[in-house]
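First the structure, in the form of structure tokens, and then the observations on it.
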Amino acid sequence: MSKWNRHFHQPSLPLGEDGRLITASKKHIELSRNAAQEGMVLLKNDDGILPLKIGTKVAIFGKASVEYVRGGGGSGEVTVSYSRSLYEGLKIKESENKICLYDKLADYYQSELKKQYEEGYEIGMTEEIDIPKDFLEEASSFTDTAIITLCRFSGEGWDRKPSLEKNDALWESELNLAKRQAKVFPDSDFKLTEKEKLMINSVKSKFKNVIITINSGGVIETAWIKNDKNINAALYMWQGGIEGGLAAADILVGDVTPSGKLVDTFADSLDDYPSTYNFHDSIDYVEYTDDIYVGYRYFNTIPNADKKIIYPFGYGLSYTEFKYEILKVNKEKDSINIDIKVTNIGSYEGKDVLMLYYCPPSGRILRPKYELCDFVKTKNLIPNESQNVTLKVEYHNMATFDDTGVISNSSWVLEKGDYKFFIGNDITDLTMIDDTYSIEEDRIIKKLSSKLAPSKLKCRMKNDGTFEDVVCSEPRVKESCIQRMNNKDSEGNAPYEREQKIHHLWGNKNTTLFDVYNNKCTLDDFMSQLTDDDLIHLLGGQSNTGVANTFGVGNMPEYGIPNVMTADGPAGLRILPDIGVYTTAWPCATQLACSFNVELAKEIGCAVAKEVKENNIGIWLAPAVNIHRTPMCGRNFEYYSEDPLVAGRIGASVVSGVQSQNIAATVKHFALNNKETNRKNSDSRVSERAAREIYLKPFEIIVNSEEPWCIMTSYNIINGVQSSENDELINGILRDEWGYKGLVMSDWWTSGEHYLEIKAGNDLKMANGYPERVKYALDLGAISHEELYKAAKNVLQLILKME
Ligand code: BGC
């Protein structure tokens, strides 16, 4: 196919076998179902009640049996031709004679839900429905086994405990969702509602065997499951994409053995997370006083915090059992490698995950007790089958960021002492390796300079749970030579249509980008003919073409530059419903991470990229790798984990799959976008150490291993400076320190001033640029031709990589 054919001409060219469409093909839907199975986490299984024995009679309760939430809202949504609920999944199992289902409630739930939708309730944010007494009686005389279903929905722009304070960046539709959420879940949707409790209690009172399924993209309370002897089993289904209900049914009947492990710590209550107490102190900022003690780094380090854990990081049951045998510990000069034999000693086939943690010495720099440093998933092992795996860590990856000069200021350092290693998965149940890595002298791994220093963070947590004062720097203020726009004026603007110069179709005198591609001239030669206006044009989003709804980049046909479209998002290619193109909804990001399967993540990246390409789009706006700092963040379903290594590794695998298809991956949101409330103007106040070790780490891992073609900066402010205008973040850390060479784009309609964004290294403003404002800044001498040239070159280099 000729270069940029899809971008110039948008032909309808299917990529599947035999000339058929690959988008939402059977193959992709099957892969989505497999991924959903692998990411579901079995929380409880007393007396091996699961899998259900052949022919078990079951009754299913809770509106979530038919109200299936396949993913979250906003740009993470996917338009599908159908999605399968648990009820529908179990009906399939019934048709295969695996179970008998009491199904009279399904129609009742459907009609009751319909009434709620007509009143304005949203899928996944409806009131639980009372079970009519006669149904309950009838069901309990049919069987003694009940499945109780629950679901949750959250989305972009609001948090799971929403603040309803109006802000300029909040869309009307988002505000309505936030209001609805606050109405149905007055105490946040982390908690069960009173109606849900009533439903659960009435089922429990009638059935001997009770199984819970939870269809949620985020963490909810689970102590009621763990501590109740009358609840026998629980499956965390997450939001499993198009076939999530069927994937859960596969697990419940034992067609598949669960192998997902938790990527977040499940604590008793929201208040147990150290990020909660000040989360809503202000809509203008969040103080990251928990510092590096996020997730298990908090719960498994701070004295007594482990008492709050209900299900720990790494936890997840299987139907089968595995045994580990350490074959060999190889201590190399730069790394330790541990060879382990994993054997399935149970009676079901299944996969296992093995994780390696290290425990740093307790020295002058206070550190978490454990940190994850490697993981591996086995293949599907049949009973008695073994597989040898290797877990490995390079010592420099155990370094900590010294931001107070204990050993060397602004440096990654390894403090002297003994580093111990542990294997297992559930972090509360690890086995120590009989070997340590000992160093006698402190080591400076990398000397850097202070960047993103806090100016308004009052204190931060130490590893005994007390707080220390933070020495703050002078606030960094980004003065603009142009009066800044507010979100009301910039929100939702479509790109301007540039006047197109007349150019002759076959006698074009311009050198074109094709000439660069064909090695007839260099990119610099080509760019020498571009005026400042041309360069500025390239630095803003372009109009939509084809099925796109998130705009494009490039668009200068007289120079042979195509208009390359972008599209969301982390759960799959998102095309607006009215267009009529249905795509594959993949399991939500958190679920994919729970699979701990990097090959699977790569396969999904590859499959999504094919759908993106088939629909003539070049830039996929995913993966999103922000850290799960708090369960309250409304977009956690789009993100992987509380742990930077998991987020980085799974994200990197997705990027590698996407880019293997010559489609651009866009790693987002760089960085510290951990709250949705007033997301465009909220200041994330954080220490340099927490920024480096926790929040920037997944991006660093991905940049180092995959060279992603694009990175999207975040909406929020970091220690007083907007991310998209943050030269220390983009030019400093991302480009100079990490050596990133790709394109950096803003998130859509940021609060940043366009010319300041370019100066900071944010090449492209999305969804639209402001050419006249940049030109004005150029005329004032506030930005230089060289700065425009550099950014435009990054845009063109990206386009040159496209097929
Ligand atoms: C989101 C991004 C998304 C973009 C385009 C923004 O609101 O934060 O994640 O890619 O919109 O839809």
Side-chain angles (χ1 to χ4, degrees), residues 71-79 154-159 167-175 177-178 217 487 490-495 540-544 547-553 564-577 579 583 588-589 608 612 617-626 633-640 651 654-655 658 663-682 684 699 708-717 722-724 743-752 762 764-769:
S75 54
E77 246 166 47
V78 177
T79 307
S154 67
E156 197 174 326
W158 45 285
D159 289 299
N167 62 72
D168 281 357
L170 192 66
W171 292 8
E172 209 49 45
S173 55
E174 293 167 347
L175 182 62
L177 285 166
N487 290 120
S490 59
E491 199 65 55
N493 286 339
Q542 303 298 317
S543 309
N544 284 319
V547 297
N549 62 75
T550 50
F551 307 97
V553 43
V564 179
M565 291 297 115
T566 66
D568 284 307
L573 170 62
R574 171 174 163 266
I575 293 178
L576 293 183
I579 294 173
T583 64
C588 71
V608 183
V612 168
I617 286 159
I619 303 168
W620 186 48
L621 305 174
V625 300
N626 297 83
C633 174
R635 284 183 94 173
N636 275 359
F637 65 93
E638 289 189 63
Y639 308 145
Y640 296 117
V654 170
V655 170
V658 172
I663 291 292
T666 310
V667 187
K668 66 188 188 182
H669 309 90
F670 191 54
L672 288 130
N673 189 172
N674 309 97
K675 180 181 180 183
E676 285 298 291
T677 307
N678 196 24
R679 58 189 174 151
K680 294 190 180 173
N681 302 295
S682 173
S684 301
F699 294 94
W709 292 6
C710 300
I711 290 199
M712 185 193 295
T713 51
S714 57
Y715 282 132
N716 51 286
I717 299 163
Q722 207 80 43
S723 302
S724 56
L743 177 101
V744 179
M745 67 176 82
S746 73
D747 201 343
W748 273 228
W749 305 300
T750 53
S751 302
N762 189 110
L764 176 67
K765 188 169 183 74
M766 295 299 286
N768 65 296

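All ligand and atom numbering here is 1-based and tracks the order in the structure.
- Protein residues with any heavy atom under 4.0 Å from ligand 1: Ser75, Glu156, Thr550, Asp568, Leu621, Arg635, Lys668, His669, Arg679, Met712, Tyr715, Asp747, Trp748.
- Ring geometry for Phe551 against Trp749 counts as perpendicular: the plane angle is over 60°, on a 0 to 90° scale with 30° as the lower cut.
- Tested against Lys680, the residues Glu174, Glu156, Glu491 include a single salt bridge (charged side-chain N to carboxylate O under 4.0 Å, His left out) partner, Glu491.
- Counting only N and O atoms by type, the side chains of Thr750 and Gln722 include no donor and acceptor under 3.5 Å apart.
- Two residues are said to be in side-chain contact when any heavy atoms from C-beta on lie closer than 4.5 Å; Arg635 and Asn626 fail this criterion.
- Separation of atoms CH2 (Trp748) and OG1 (Thr550) is listed at 5.5 Å; rounding is to 0.5 Å.
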Exercise. After noting the C-alpha distance and the side-chain angles of Lys668 and Asp568, does the key distance pass the salt bridge (charged side-chain N to carboxylate O under 4.0 Å, His left out) rule?
Worked result: CA-CA 11 Å; Lys668 66 188 188 182; Asp568 284 307; 3.5 Å; yes
